[in-house]
Structures are given as C-alpha cells and as structure tokens.
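Within every chain, numbering begins at 1; the chains are lettered A, B, ... in the order of the sequence lines, protein sequences first and strands thereafter.
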Amino acid sequence: MAAPPKSSPKDAQVMSAILKDMGVLESEPRLINQMLEFTYRYVTDVLDDAKVYSYHANRKTVDADDIKLAVQIKTDHSFTSPPPKDLLLEVARQKNSQPLPLVKPYSGPRLPPDRYCLTQPNYKLRSVKKPRSVQYGMPMSQKIGLVSQVKPMIGPNLTVVSKSLSQPTVTILNKTPSTPKPTVRVNPGLGALGASGLSRIISSGGLSTGTLGTTSMVQTLQPAPPPTAPALSASAAVVATSTSASTSVSGISTLPSSLPTPGVAQVNPLKRKLEDDDYDI
Amino acid sequence: MATTSSTSEEAVKKEPASCQYDKQTLVAVLQFLRKHNLKGTESLLKAEAKVSEDDLKTEEDKKTEVSQALAAVYKSDDDPSLFEDLYQDLKTFVDSCLDVHKVELSTILYPVFVHMYLELVYNGHQWNASQFYSRFWQDQDEHRHEDLARLTSVRQKEHMVGSDNQLLESFKTSKFILRMSRDSYTHLKRHLQEKRLSPLLTIVQDHLFIDVFDGVPRTQQQIQASGGGLTGEVDRDANKAKVLYGLLREPDVQIALDDEEEGGEGDEKPKKKKSKKDPLLMKKSKNDPNAPAPTRIPLPELKDQDHRDRALGFREAKKRVKLDHNHLPSICFYTFVNAFHGVTCVDVSDDSSLLVAGFSDGNLRVWSLTPQKLRGMKGVDDLEIIDKEADDVMERIFDDRTAADFKSLTGHKGAVYSASISPDRAYLLSASEDGTVRLWSLQIWTNLVCYKGHNFPVWDVRFSPHGYYFVSASHDRTARVWVTDHHQPVRIFAGHLSDVDCCRFHPNSNYVATGSSDNSVRLWDMLNGSCVRVMTGHKSAVHCLQFSPDGKFLASGGADSQVLIWDLATGMMVAQLQAHTSTVYDLCFSREGTMLASGGLDDSIRVWDMQKIMAEQDTEVDPSIPSNITINDSPSLLLGSYFTKNTTVLGLHFTRRNLLLACGPFVAPS
C-alpha cells in the first residue's frame, strides 16, 4: 500500500507524500525505505563534500556556497543525463557522412580484430621446472600446439598462469605427475578452445573442479603475488580452493627431484600456487 | 544551429513588435557570433544596436551562456496575474468559434498552457504559476497528464537552468508544431491582433510553429489520431523524401530448388513445380520502381548454406496455410513458469527452430524448439580429422556429447532487455541495461564480442534480415547501426527527443524504423543517416514495430494500447486498431502479410485483418492535405481475441507455415 501507517516516523510520511505528489499512487512498502535510504545517503554525501570545500576555503563553518558547489559537482558526477541534442546531432552528422564500409567477401565469421573480441585465451601454460623452456598459451592460430603439449607432458606440473588483455586469469594446476591433469579455473573468454575444447583438456587429465560449464566463474590475479587470489565480482561462485596458496600443501610427493621454488612440490591440486614469474608477461 | 538561429529570429521579430529589443537576447546573439568568429556581422550588429562594449562586458561577467540566454526567452515583464485571464480568454474564444474551427483551434491550448506556466516559473512568480496550473491542468487531454506531472517538478527558476529534465529541454528548444487549415489560422490571428494580447502573441510567435495547409479543416477524429507527439505533430517537410520501400530482387534459387524437390517429391515434372512457386518470387523478378538497387548499401554475399536455407524456406512456404478472415491462425503458446518478473525479452529464429529468452539477472537462455538438441562444436583435434568435402559436414562438426535441450549464456552485468538471433542462426545479439551489446556464438556457445558505444541502457537490438548489420536503440536518444566486424557503430540516428525504445530493419535492409518515448515513430535511411519519415499518433511510448513482408506498411504498438498502421510511401496513418486494454508488447505479420497479430500486457493476443486494410486503403488521395486522409478504424478489422491466463505476451512469431508462436511469462496473480 502507498500510505504508511499513522505511527510511522515523520520522514516516512513526508516521503510518501512526495511520492504521491509525483504521481506514484501505488507502490510496495519497501519503496519508502529505499527512498529514505537514498535521501539520507545523498544528503550526507553532499554535506561531507561541502565540509571539505569550506575547509579548503579556510572557513570555519559550512556556507550556502559550499553546499551549492557540492550539489553541482555531485550532479555532474552521479546523475549524468544523455548528451544534449545539438551534440548528438553533430556527432551523428559526422558519423553518417562516412560511407558504409564494404563487405569483405568470403571472410568466414565476420568479427572485429582480435583485440576487440573476447575470443583470446587468457591463460598460458608454463612449466614448473625453471630450466625447461616456458610454454605459453598461444592465440587461436596456435592452440593446436597447446592442446598437444598437454598430452606428452610427463612429470613436471603445469602451472598455468593467466594474464592476457587485462582479462581474468586462469590457473591450471597439475595433480599427479603421471599424466598432467590440469585444474582449470575458467574464464569467460575462452572462446579459442571453446568450452568443449577446454573440457577435453580437463577430461583428458581426469580432473575437474566441477565448476566448468558455459557459465563460468572468474578469478583474477593481482600483479603483486599475494597469498590469496582475489575473486572477481562478475560471476559468483569462487571456487573454495582460492584460499591462501602459500599454505603448504601435501601431496605430489612423486614429483621429480627438481623443485625450483618452494611450495611447488607440495602443491595441493585444489589450491592454486603462485610464483614470482606468474606475472612475467 | 537551429536553436540559436531561432534566437536571432526572435530578436528580429521583437524589433518591429515592440521597438525595444531584449538586451539578454541581443547579448546571446553576440556571444554566438563571437563563438563562431563572425566578426563582421558582430561589429555590424553592435553598431546598429548601439550596444557599448561596457554593457557587453558586464553581461559576460554575469556568465550569460547561450543556453541560459535561450532560457531567457521566457523572460518577460508581464504582469503575472494577467496570465490566467489571458488563458481563460483564449479558451472562451476557441469555444465561441464555429464547430468546424473549434476542434482545430483547441489544439493550441495545450502548448500555450505549458509555455505560460514555464514563463511564470522563470520570472519567479511561483505562487502565480501554481495557481495557474491548478486551475487549468484538468482541461488538458488525458494523455498529457503524465507529461504535465513531470513539468510540475519545475517550480523555481533554478530548476529550469539545469538540464536534467528532458521534457523541459524539449519544450525550451523545439517549437511545438501544429497543423491548421488556413481559415482557422486567420481566425486565430485576427483574434490575437484585435485584442492586442501581447504576451499571448509573443508566446505564439516564439514557441509555436503553425503549419498552414489549404483545405477543409480536419475533423476531431483526424486530429485525435495524429496528435500526441511530445512537441506536437510534424510539418509537411518532414515526410517529403522518397522512401524506397520495395523489396530487393531475390537471387535465383531455382536450380537449388529443383535439386531438393526431385529428391523429395518424386514424380511431378520440374516445369509444373516452377509454376506453382510462391507468387512473391515471380513479382520480384520484375523491376520494382520502388525498390532500392541491390548495391545501394553493401550487403554480404550469400554462401552455400544460405542458398540451402532459402531453398528450404521456399519449400516450406509452399506448404503454408493461407490465412484470411475465414481461416484464422492456430496459436502455440510457450509459457515461462517460475520466472516471475524474470523474463524480459524473447526472440524466435526465422525458421522457428530456436527460442531465446533474456532475463532480468543478466542471463540468456536458448532453447531448441525442434526435436534436435543444441550441440557445441567439437574440439580442434576432432575437427581436423573431419572430411571437409562431406555432404553432412555441418552435422559432423558438432559434438553430440554436449547435446542439451537448452544452453545458458552469462556475461551481462545488468538485465537483458532484448535479444536477436541472426538469420543464419549462427549468432545471437543481446542488449542490456549495462549499456553493452554482446554477440554470442550459437555454435560454440560463448561470448564473442562486446560492443560498447552506448553509455546508457540499451532497450532494443535487432539483426538485419541479411545478417551482418544490426541496430541498437538506447536511453541516450540515439539508435546506432553496427556491423559485426567493426567495434564502433557505422551510423548514428539522432533526432528523437526521448529514449528510443525499439528499432527494426526494413525487409530490404535499407531503412531502419525506430519508436521512442516521445510518442513518435521515425524512419531512417541507412545510406546517409537522415530521417525520412516522422510519424506521430501514439499517445504514449512506442514499444514495438513491425514491417509488413512486402515492405509497404509499418505497424507500431505502444503503451497507449493502440496499434497503428502507417503507409511508408506517404508517411500517413492508414489504420488505427484499438482493442487492447493495456500496453502492446509485440506485433507480427503473417508470412504473406494478410494478417497482423498483436499481444501485450493485457494477457491477450488479437488478430487483425491486414488484407481488408490494404483493400480499403484510399491510394488516390493527396497526402499533403491532412484533412483528406481517411483512417480505417472499423471494429470489423479485429478478427479474434485470444486470452491467456495471467500470462503477459512478450513475443509473437509466425512460422514459415503460418502457425503463430507466442511466448510469455506466467505472472501469478497476487
């Protein structure tokens, strides 16, 4: 119902009167709460800004001018409205004066250049053993190499490090040395291999985090190697394993003796480990 | 710019009228000239107006911007208490006229009311303004009440200077356009000049544009039909350009067709089959003077798969049910359950095999409407070993292990407001509240591209019937045309006064129609981005558009629960279909264009007789005289109403065989 009960605080009654004035005759009761919250937040923001301005102007008290300035800046910042009509017309005129681009014949899927697409892999495969040459995940044209590299890899773990084109990163961990069994934390833009291709990598290793699917979770790495990998906000469901990778993990005891960095040998397949050269792109 | 030139016009107009020019306006003009480096004109004007440099400087100190000076067009020294009397006087004058003229002259009352109110507010007479408003607002039309409510939020002069209120901006900068017959206009002019009502006269001169036509005054029905635009109607120049509404010449598919046919149907001779072909195909082979050249805009070439699709399409078309007023369509309804307020949009592919739904949490789901499941593509290794020359290569590339009844696509950060499947069923576009349009592959089920151009919610996105191009409509009052291989738009259609709610391509891909919250429908030319048609008549926002299959007519439906049919050759309204009781969300023409289905918020689907509209359309009439236009609104056009149980109709689609598919979410009654 629109009208709050008589016993509600004065603020709520004022708010419902405002809503009625503006034409909102029927609304859910929680709308009043939301509007009051918004009002409170807005007013406190404006007053805080005004305090800063009056301090900057070496005044003892907050003035009406400070408030006006604070409101003006807040409006320019938060309440942006679409550009004015004359600007739009000008921009449109310029754009429309260029002829339509010609269609390239026989060009397969017509997509923008790769840097504007989300089709790049955003991980690279890296060998754990330092002396070995680092293998990087390659863009679409060389993804065949990537897949085939996974198979013959025996022994050393594969640490897959992500980072490309400022996209969320992915780590592939190796579980046992017998066959590489990458654990994949997925990323949305794994179009190069396709979800099915990726699942093939997983299935070939026989391990899956159980979270692979076309809906993907996202995880980012921060440039500095923190112990914990932060989770990205976009999709929820961060794997529980994204806890501190610095905790020593058992397992993988049958690794070959060359253990370049501490913590590598004791890698829990479900926990990501971070290394200094994770971010050496 | 148009707006600033009107300022100079006003300055000129005011000179003979009162021999005393408004200083503010003059300063605004000088500022404009200075900004554009028109030094000669500036010095001449200064000399003539005898404005000294000192005056100018003091004005500049006060920071009179051109836009503020424009707002100052409302500045007047008139006695505020006069306004009520003036308005009342105008009302009585209109009532006293002959009936013939009364209806036409009554259209002037709304804009005069609005501008009088704004003038009172600008000059600081707050109390007078509210008195004036409360006395006269109920006399205005019903459909204007919402706009008026938005105007009342402007109570003080400070509110007017900030540019948040878009409605206010539209009133301030654009002139309200009225169409009147010459007789009514002379009446009005005589009355205003006799009584020497100077404020009224200035308002009429400054803010109204009266397009006079020679002819009989219009009837109430005609005026009601075309009224309703945010800034009035359209002047005759807006709809003058020639629109090439014909269809493109179809490429020859006869060879492929015969191959398919001989396999399927056996003993009939090829010659006999050709004569039984779809009559549409025969027409297209002749030169249509109203059709654009096939190379007018670059279109992608047809691949083998496309040729096969077309051949299949023609075969299906032959088995089509012929719909007319005796043969109503069968309707198959797909209801989304457990999706309360979640489903925001639906789309069905052209061959009716895929259904996509967008949700308010940002996900999309694609379902298969045929027994064949949705499969993903195989991995690279498997793809390499496939024989590329095999006939069923398109089947072999898909991995049966990934077969599913539906697939989910996640990526948007805000609600998905529109989805569109490409004609070759390989791509899907989705438009969202986060301002992006995303391209998804329906073969590998991932997000391919994210098009960022609008910074405001995108309300609609649509592929062109030939693929490759797509148009998006957004809150930023523009519609943009993109191509899939450019990350920026190739065309921007700016001109609407409020957000663009829907957009559609013409069947020949040369024109785009957009419907907006400023109650108008516009048709844009792809070649140069110009607006070739403006059509007013809706009383509220336009939510859906659809072109007829022959490209001649455009149907639009909106929040005012009307469905209007427009003739694109002239831009005139042909029919007004009123039967819905709430917003119309989707429209669909039957495959041969004889029937129109509409569905909406009132849980019903209504079927209209398009054949009758086309037959009864008067094509001999001269469109430049509005009073000659007859609008068909007979109740016999409604062929049937089909009601659902609490299920809003969000999407309508006629299959190739003329079965009507409808989709909507079930909303449990609270």
Side-chain angles (χ1 to χ4, degrees), chain A residues 21-23 72 75 79-107 109-113 115-119 143-144 146-148 188-201 213-216 233-235, chain B residues 1 3 146 149 152-153 162-164 166 169 173 297-301 363 376-381 384 399 401-402 407-411 413 426 439 441 444-450 455-456 468 475-478 483-487 489-495 497 499 526-530:
Chain A
D21 223 6
M22 291 311 292
Q72 191 191 356
T75 336
F79 304 109
T80 44
S81 58
K85 191 172 164 192
D86 40 2
L87 182 66
L88 281 177
L89 284 171
E90 184 57 35
V91 169
R93 202 181 51 80
Q94 278 180 0
K95 196 76 178 180
N96 297 341
S97 58
Q98 293 158 8
L100 288 169
L102 295 171
V103 184
K104 299 189 200 65
Y106 312 116
S107 58
R110 294 194 165 94
L111 295 175
R115 57 193 296 257
Y116 299 111
C117 288
L118 303 170
T119 48
K143 59 185 182 293
I144 304 161
L146 167 67
V147 175
S148 53
L190 208 49
L193 296 171
S196 47
L198 203 53
S199 56
R200 278 190 57 252
I201 299 178
T214 49
T215 67
S216 43
S233 58
S235 309
Chain B
M1 304 270 175
T3 48
E146 211 183 286
T152 50
S153 67
S163 59
D164 273 24
Q166 279 187 16
E169 287 300 301
T173 52
I297 60 164
L299 289 173
E301 86 284 353
N363 294 325
M377 214 181 258
K378 291 180 177 162
V380 179
D381 281 354
E384 283 189 314
D399 188 355
R401 287 173 297 176
T402 57
K407 296 267 187 194
S408 286
L409 299 167
T410 307
K413 281 193 280 192
L439 183 74
S441 163
I444 54 176
W445 304 101
T446 58
N447 188 357
L448 294 175
V449 193
C450 180
N455 294 323
F456 292 91
Y468 187 60
H475 173 63
D476 63 2
R477 295 178 286 176
T478 60
V483 289
T484 52
D485 56 14
H486 279 60
H487 65 285
V490 294
R491 286 287 179 265
I492 298 182
F493 299 139
L497 298 162
D499 9 341
M526 274 282 279
L527 197 58
N528 47 24
S530 59

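One side chain, B/N363 or B/T410, offers a donor N or O that lies under 3.5 Å from an acceptor on the other.
Interface residue B/L439: only side-chain heavy atoms are found under 4.5 Å from chain A. Heavy-atom distances place the side chain of B/T478, and not its backbone, under 4.5 Å from chain A. The contact between A/P109 and chain B is made by backbone and side chain atoms together, counting heavy-atom distances below 4.5 Å. Proximity to chain B involves both the backbone and the side chain of A/P101, based on heavy atoms less than 4.5 angstrom apart.
Not one N or O on the side chain of B/R477 forms a donor-acceptor pair closer than 3.5 Å with the backbone of B/D499.
Contact count versus chain A (heavy atoms, under 4.5 Å) is highest, among B/A494, B/A426, B/S530, for B/A494. The candidate from A/P84, A/P113, A/P82 with the greatest count of non-hydrogen atom pairs under 4.5 Å with chain B is A/P82.
Under the side chain to side chain contact (heavy atoms under 4.5 Å, CB included) criterion, A/S107 pairs with A/K104, A/R110, sequence neighbours left out. Not counting sequence neighbours, B/E146 has no partner by the side-chain hydrogen bond (donor to acceptor under 3.5 Å, both in side chains) test.
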Item to complete: Begin from the C-alpha positions of A/V103 and B/Y468 and carry the test side chain to side chain contact (heavy atoms under 4.5 Å, CB included) through to its verdict.
Response: CA-CA 9 Å; A/V103 184; B/Y468 187 60; 3.5 Å; yes
